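Since the structure comes first, as structure tokens, the remarks are kept for the end.
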There are 2 protein chains.
Amino acid sequence: MITTRDIAERLGVSVSTVGRALADDPRISEETKFRVRQAASEMGYVGNRAARMMRGASSNVVALVIPDIRNSFYSTIAHELSKNMEAEGFQLMLSETDDDRTAELRHLRELSANRVAGVIIVPTARPHTESVRLLRAMPHLQLLRRHPSLGSQWFGVDDHEALRQATAHLVAQGHTRIAYLGGPEELPTGAERLRGFRSALHEGGLPDDAGRAELGPPSSVDHGRDTVRRLLTGRDVPTALVLGSIQLTLGVLEELSQQGVKVPQELSVVGFGDEPGFSWWGPGLTTVGLPIQEMATGCALWMMRRLKTKPSNDGPYTSLSPGSLVVRGSTAPPGGKAPSRPV
Amino acid sequence: MITTRDIAERLGVSVSTVGRALADDPRISEETKFRVRQAASEMGYVGNRAARMMRGASSNVVALVIPDIRNSFYSTIAHELSKNMEAEGFQLMLSETDDDRTAELRHLRELSANRVAGVIIVPTARPHTESVRLLRAMPHLQLLRRHPSLGSQWFGVDDHEALRQATAHLVAQGHTRIAYLGGPEELPTGAERLRGFRSALHEGGLPDDAGRAELGPPSSVDHGRDTVRRLLTGRDVPTALVLGSIQLTLGVLEELSQQGVKVPQELSVVGFGDEPGFSWWGPGLTTVGLPIQEMATGCALWMMRRLKTKPSNDGPYTSLSPGSLVVRGSTAPPGGKAPSRPV
DNA sequence: TGTCTTTGTGCTAACGTTAGCATTGCTGAA
DNA sequence: TTCAGCAATGCTAACGTTAGCACAAAGACA
């Protein structure tokens with residue numbers, strides 16, 4: 001690997017001169033600068049950031065710690081972050097936890113050892129104490145989920161309101177046996193969405209047993225498939241179903257298609273997120289659209305500002321993005337007809 | 001930030017002792033090792049990889065350079081790579097080029113400055129000369145697309161065969177006006193897929209003008225949408241359509257759904273890739289399934305071996321994964337009835 | 001002519017870690 | 001007693017870059 005020293009020796013100048021020439025130091029004559037740049041280019045010199053970091057410069061890498069990049073929710077975020085950060089000269093590091101706190105810890109240790117400039121994390125349900133300590137030691141922000149013991153900036157969607165809206169839509173159509181399929185309560189998002197579901201039932205004046213909640217791993221397509229199968233074959237089959245995660249929605253849609261369940265005649269469905277395919281599924285899926293891009297851009301901007309300006313964060317403590325209900329054909333009054341829409 | 005020196009001072013030993021204790025050097029007494037580890041843990045010491053790299057150690061970061069992580073094709077690859085590499089203690093860096101060679105170059109410069117251990121790249125159509133030079137200077141492999149001037153290891157799918165199969169399926173059903181919608185010929189994958197399309201027509205004994213190729217940006221959903229709209233409203237409307245990229249397929253499916261085109265009665269469609277949603281689209285999409293996981297795992301393993309063992313690569317120069325046609329309901333003889341399958 | 005400033009460059013130390021080569025104190029053999 | 005041999009640890013240099021200070025040459029001014 002070519003170093004400033006190699007260039008210096010070739011030109012018969014000192015390493016300082018080379019370094020300064022490359023940094024465009026005004027004290028160096030234009031002629032020397034030109035010769036240095038020329039040589040650097042010819043020799044294929046590429047500065048060593050590790051060495052620069054040793055001199056106190058900070059890394060230009062920001063890490064994104066998420067459960068699973070295959071989830072299009074997260075890949076959208078990754079893309080948006082990457083795009084915004086590249087403009088500022090930052091690179092993106094990707095760490096997948098698979099919702100496993102030990103994997104999360106392993107990654108945070110690595111990121112810490114690599115001295116990444118910042119971390120954007122979707123925390124697992126209950127991070128290890130060491131994870132919390134590591135995070136506290138670096139600029140970071142939480143995405144979607146918020147872990148209380150990290151008192152840091154948080155960007156999320158209004159989960160409570162999203163599920164309240166989704167459920168209220170079904171209640172308004174007269175459903176009285178509504179099932180909710182979502183993530184576990186130990187996840188902050190899971191708890192909020194469940195609360196939103198319950199709120200809507202309550203506001204609609206429905207009895208407690210009108211709603212039925214099935215909680216489980218939120219990022220498992222298979223779990224969605226299995227649960228909806230169980231729901232439909234068991235007793236007391238609901239007339240409507242609200243979903244509380246994208247992956248669960250994907251599983252449910254697949255299973256319903258496969259079983260040939262008539263939607264919305266036999267079952268009304270409200271999905272979560274708005275993925276490609278949701279619009280062409282059956283009669284079109286009514287779903288809660290999420291402002292993923294806006295949220296990701298917000299994150300990126302906040303992090304960039306945080307990393308550029310030394311002083312403590314002056315931004316708002318949290319940033320809540322609202323979801324919005326996209327009404328398509330998968331919801332109708334219980335036992336109602338299919339909507340007049342070509343399939 | 002805590003350094004070995006801080007620990008050394010606190011324990012009244014030398015930095016060497018601390019360093020060796022942490023590296024589990026057999027020359028250090030068990031008691032000292034214990035005290036050092038204890039102190040390190042208490043003080044929250046995290047080794048500085050930048051410093052280690054200066055001493056000749058290599059980075060533990062492998063970069064993935066792709067057009068767009070939102071393309072589920074690439075997010076699957078990223079996931080698979082990440083999973084396989086984490087087991088070996090490597091981290092994944094993500095660089096998106098958006099198929100822009102200048103962005104590609106910017107990223108490669110950064111990766112080079114960061115001294116990443118290796119690069120896995122889906123090259124743009126015509127990388128800059130400097131990009132090629134930079135890549136040559138680091139362990140790397142090409143994914144999907146192969147740029148000739150990099151004589152490096154390549155992992156790809158058998159694009160020619162994939163499109164040959166897809167098209168042959170339509171030819172066998174008697175179609176004689178088949179359109180192909182794919183990426184530009186300047187992309188190696190684009191050229192191969194187009195060649196596969198033409199091969200199938202030729203083998204089927206069809207005249208040259210039976211096939212019609214519409215080439216354009218392969219990762220643009222919108223382009224898929226627009227082109228299919230144009231195809232259907234123009235004169236000489238084809239009876240069958242073969243797609244040559246996932247994103248184009250997504251666009252086409254959306255447009256066909258929206259326009260209410262009857263598939264396969266009015267138009268037979270063969271997609272590319274097998275995304276969630278393809279199975280429940282209309283009558284079920286006949287498509288070319290790609291062995292993404294296997295390919296990604298192959299990449300990861302090759303790269304890991306390459307990075308662990310110093311000597312030159314002894315693996316095969318290329319690794320071709322076959323696609324496989326998944327036949328569902330979106331294809332039928334021209335003017336034929338819908339298949340007997342519940343929608 | 002002597003001193004002061006300016007311009008351009010060199011020297012050196014420092015960042016945190018590691019590896020080679022001392023150094024110390026001890027045990028056991030000659 | 002003397003010294004080899006060993007265990008445990010210390011000292012120092014080096015990795016590539018940068019910043020502070022020093023320094024030489026040349027022009028400016030009295």
Side-chain angles (χ1 to χ4, degrees), chain A residues 1-40 43-60 89 109-117 137-138, chain B residues 1-40 43-60 89 109-117 137-138:
Chain A
M1 265 297 176
I2 308 296
T3 70
T4 46
R5 186 175 175 168
D6 297 323
I7 301 176
E9 279 173 3
R10 167 154 153 183
L11 296 182
V13 295
S14 72
V15 280
S16 314
T17 303
V18 173
R20 282 196 271 256
L22 293 173
D24 203 21
D25 190 305
R27 288 175 301 176
I28 301 294
S29 72
E30 283 306 322
E31 194 226 331
T32 308
K33 279 184 192 172
F34 179 78
R35 290 202 309 141
V36 168
R37 285 183 196 138
Q38 181 94 351
M43 302 169 76
Y45 169 80
V46 179
N48 185 336
R49 180 160 281 115
R52 209 170 282 167
M53 279 172 69
M54 296 253 345
R55 289 278 315 168
S58 80
S59 152
N60 70 333
R109 280 195 183 131
E110 282 300 329
L111 297 177
S112 193
N114 278 62
R115 299 290 192 273
V116 296
M138 28 193 185
Chain B
M1 266 298 176
I2 306 295
T3 71
T4 47
R5 185 175 176 168
D6 297 323
I7 301 177
E9 278 173 3
R10 166 152 153 183
L11 295 182
V13 295
S14 72
V15 280
S16 314
T17 302
V18 173
R20 282 196 270 255
L22 292 173
D24 203 19
D25 191 305
R27 289 176 300 177
I28 300 295
S29 72
E30 284 306 321
E31 195 226 330
T32 307
K33 279 184 193 172
F34 179 79
R35 290 202 309 144
V36 169
R37 284 182 196 140
Q38 182 93 353
M43 303 169 75
Y45 170 79
V46 179
N48 184 335
R49 179 159 281 116
R52 209 170 281 166
M53 280 171 69
M54 295 249 354
R55 290 276 316 169
S58 78
S59 150
N60 70 335
R109 280 191 182 137
E110 282 299 331
L111 297 176
S112 193
N114 278 61
R115 299 292 192 272
V116 295
M138 29 192 184

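All of these numbers come straight from a predicted model, not from anything done at the bench. Just so it is clear, the values below take in all heavy atoms, side chains as well, and ignore hydrogens, waters and symmetry mates. Labels below follow one simple rule: chain letters A, B, ... track the order of the sequence lines, proteins then strands, and each chain is numbered from 1.
- Tested against B:Val18, the residues B:Ile28, B:Thr32, B:Thr4 include a single side chain to side chain contact (heavy atoms under 4.5 Å, CB included) partner, B:Thr4.
- A donor-acceptor contact shorter than 3.5 Å is absent between the side chain of A:Asn114 and the backbone of A:Val116.
- Residues B:Asn48 and B:Thr3 fail the side-chain proximity criterion, which asks for heavy atoms closer than 4.5 Å.
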- Which letters describe nucleotides 14-21 of chain C, given B = protein heavy atom under 4.0 Å from base, S = only from sugar-phosphate, - = neither? BBBBBBBB
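- Annotation: side chain of B:Asp6 is in contact with side chain of B:Met43 (closest heavy-atom distance under 4.5 Å).
- With contacts defined as side-chain heavy-atom distances shorter than 4.5 Å, the pair B:Asp24/B:Lys33 qualifies.
- Rounded to whole Å, the distance from CZ on B:Phe34 to P on D:dA8 is 17 Å.
- Annotation: side-chain hydrogen bond (donor to acceptor under 3.5 Å, both in side chains) contacts of A:Arg10 (sequence neighbours excluded): A:Glu42.
- Rounding to whole angstrom units, CG of residue A:Asp25 and P of C:dG10 are separated by 13 Å.
- The distance from atom CG of B:Leu22 to atom P of D:dT9 is 13 Å, rounded to the nearest whole Å.
- Ranking C:dG10, C:dG8, D:dT9 by closeness to the B:Ser29 side chain, first place goes to D:dT9.
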